[in-house]
Amino acid sequence: AFDFSTPIISDITLKAKWDDSTDENNWQYAASRCGKAILDVNPNLLIMVEGIEIYPMDLENNSDYHSVNPKEYYGTWWGGNLRGVKDFPVDLGKYQNKLVYSPHDYGPKVYAQEWFKKDFTEKTLLNDVWYDSWFYLHDKNIAPLLIGEWGGFMDGGDNEKYLYIMSDFIAKNKINHTFWCINPNSGDTGGLVYDNFGKWDEEKYALVKPALWQDANGKFI
């Protein structure tokens, strides 16, 4: 995650941006071009596009991301920032119905973001980061949404609190998602198996299970 306590971005040209240019570091352009090329070969696929990390607060005066002041950008997780879609949506042309936006989101155990430095709730997370970064796409039915990564350690503290909030939020809003992860060797999050792949984490699975789509008989969809 971007460290917003750092006063200067050392080289903004290395940062992924999201605008209407054809610059090499414009992720919107790269995703549009790549997605159309793939679908020209196989039009039956879905193209899932992650977000970036930062987005200008003042688009009129900083649309080219020239500012090196972190305080002039909205920041979130790598892959988590889809604010740019409202201004510059990914363009798949005749294949637009194959587009799925796919943000990442994590808890404070991965990085102590500013929105966790309070008694956070679903409401504060929505107001501080979720809604404007990605949930508006689902709420306003702009495009399909799949949370491509969420997960973490059951720490008995704030990270576990975040996990329960996110699980409930996903289930309540029927959001598509993929949980990170099954493998135990993710140092940031752990997995659904542990002890060198020897045990299944029943506690973590009980947290995730309500967010997995099921029919009335409990069969997974």
Legend entry - Pairs meeting criterion side chain to side chain donor-acceptor pair (under 3.5 Å) with involvement of residues 129-143, two or more places apart: D105-W130, Y131-D139
Legend entry - Summary of side chain to side chain donor-acceptor pair (under 3.5 Å) pairs that have at least one residue in residues 90-99, sequence neighbours excluded: D40-Y95
Please examine the side chains of [Y] and [X], heavy atoms only from C-beta on, and report whether any two atoms are closer than 4.5 Å.
| X | Y | value |
| --- | --- | --- |
| Y111 | Y106 | no |
| N26 | S21 | yes |
| L163 | F153 | no |
| D215 | K219 | yes |

Look up atom [atom1] in [X] and atom [atom2] in [Y], then write down how far apart they are to the nearest 0.5 Å.
| X | Y | atom1 | atom2 | answer |
| --- | --- | --- | --- | --- |
| Y194 | K204 | OH | NZ | 10.5 Å |
| L82 | I52 | CG | CD1 | 8.5 Å |
| N61 | S67 | CG | OG | 10.5 Å |
| L192 | Y205 | CG | OH | 9.0 Å |

Inset, instruction - Check S186 against W180 and note the closest heavy-atom contact, atom names and distance. - result: OG-NE1, 3.2 Å
Inset, instruction - Mind running side chain to side chain donor-acceptor pair (under 3.5 Å) on N62 and Y73 for me, showing each step along the way? - result: CA-CA 9 Å; N62 191 26; Y73 296 90; 3.2 Å; yes
Go through the structure and list residues passing side-chain contact (heavy atoms from CB on, under 4.5 Å) with [X], not counting sequence neighbours.
| X | value |
| --- | --- |
| K174 | W213 |
| E203 | M154, E160, D201 |
| S167 | W150, L207, A211 |
| D87 | Y55, L59 |

Partners of [X] by salt bridge (Lys or Arg N to Asp or Glu O under 4.0 Å), sequence neighbours excluded?
| X | answer |
| --- | --- |
| K86 | none |
| D23 | K17 |
| E72 | none |
| D119 | K161 |

Show me the donor-acceptor pairs within less than 3.5 Å that the side chains of residues 41-50 make with the rest of the protein, sequence neighbours left out.
from: N42; atom 1: OD1; to: N44; atom 2: N; distance (Å): 3.0
from: E50; atom 1: OE2; to: H104; atom 2: NE2; distance (Å): 3.2

Legend entry - Step-by-step side chain to side chain contact (heavy atoms under 4.5 Å, CB included) determination, F169 to L125: CA-CA 11 Å; F169 186 74; L125 291 172; over 6 Å; no
Legend entry - Whichever hydrophobic residues join Y29 through chains of side-chain contacts under 4.5 Å: none
Legend entry - Positive for side chain to side chain contact (heavy atoms under 4.5 Å, CB included) with W115, one of D128, N127, T124: D128
